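Have a look at the structure below before the remarks.
Keep in mind the model is a prediction, meaning the values are calculated, not measured.
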Amino acid sequence: MNPAARRGLVRVAPAAALLLAVAACSSNSQEATPPATSTSPASSGRQETAASTTPSTSEGSASMDIRVTLDGRPVDATLNDSPAARDFAELLPLALDLEDFHGTERVADLPRKLTTDGAPAPAAAKVGDIAYYAPWGNLALFNQNGPSASDDLLILGRLDVGADQLGRAERITIEPTS
């Protein structure tokens, strides 16, 4: 093989391999697989972990019930089984004042930063999601759908509450169930 042809093959081979990988991952087969809750691939060594019943929480097999009140009213809530959610559960009980952040979420500072080791694949936050924004170390409760998925935002769980009630909430109390 002449050198020019060999250089052409060397340039095309990586693109061909990538194209084959993408085609294999986007197959329309109807295999019986558990429903995926994260739509973006894992990045920076992240692993997928447990899920609740909503699409925006991380994928897995278990969830943790917690007791939550918003402005004194009880709200059903669960945490997923991610390392960050388990770390968050170790902080409970918590009573936090909430502030509006861009009309999309209610935020509060946590007493300390949470672990981000073994974090699930990034997912865009949905109304009712309990999330942790790692760079600032704060808790975020989404009363509107969030922006696109980010490595910095870890979904911890879910609140079963309407966007209006969540958007007006000024105080949250979170307790373990046992």
> Which pairs count as ring pair (Phe, Tyr, Trp, His ring centres under 6.0 Å) when at least one residue sits in residues 72-117, sequence neighbours excluded?
Replying inline: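 Found F101-W136.
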
Heavy-atom donor-acceptor pair, [X] side chain to [Y] backbone, under 3.5 Å:
{"X": "N145", "Y": "V127", "answer": "yes"}
{"X": "Y132", "Y": "A84", "answer": "no"}
{"X": "D160", "Y": "A77", "answer": "no"}
{"X": "N80", "Y": "I155", "answer": "yes"}

For the residue pair [X] and [Y], what are the closest heavy atoms and their distance?
{"X": "T116", "Y": "A134", "answer": "CG2-CB, 3.8 Å"}
{"X": "P120", "Y": "S82", "answer": "CD-CB, 4.1 Å"}
{"X": "T115", "Y": "D117", "answer": "OG1-N, 3.2 Å"}
{"X": "P111", "Y": "L91", "answer": "CD-CD1, 4.1 Å"}

> Between I172 and V75, does a side-chain contact (heavy atoms from CB on, under 4.5 Å) hold up when you go through it step by step?
Replying inline: CA-CA 10 Å; I172 187 169; V75 174; over 6 Å; no

> For D65, which residues count as a side-chain contact (heavy atoms from CB on, under 4.5 Å) partner, sequence neighbours excluded?
Replying inline: T78, T177

>> P135: which residues meet the side-chain contact (heavy atoms from CB on, under 4.5 Å) condition with it, sequence neighbours left out?
In response: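 With neighbours one apart ignored, the set is Y133, D152.
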
[X] side chain near [Y] side chain, heavy-atom distance below 4.5 Å:
{"X": "L139", "Y": "I174", "result": "yes"}
{"X": "L153", "Y": "P147", "result": "no"}
{"X": "E170", "Y": "R106", "result": "yes"}
{"X": "L156", "Y": "L114", "result": "yes"}

Would you please name every residue forming a salt bridge (Lys or Arg N to Asp or Glu O under 4.0 Å) with [X], sequence neighbours left out?
{"X": "D97", "answer": "R171"}
{"X": "E175", "answer": "R67"}
{"X": "R112", "answer": "D87"}

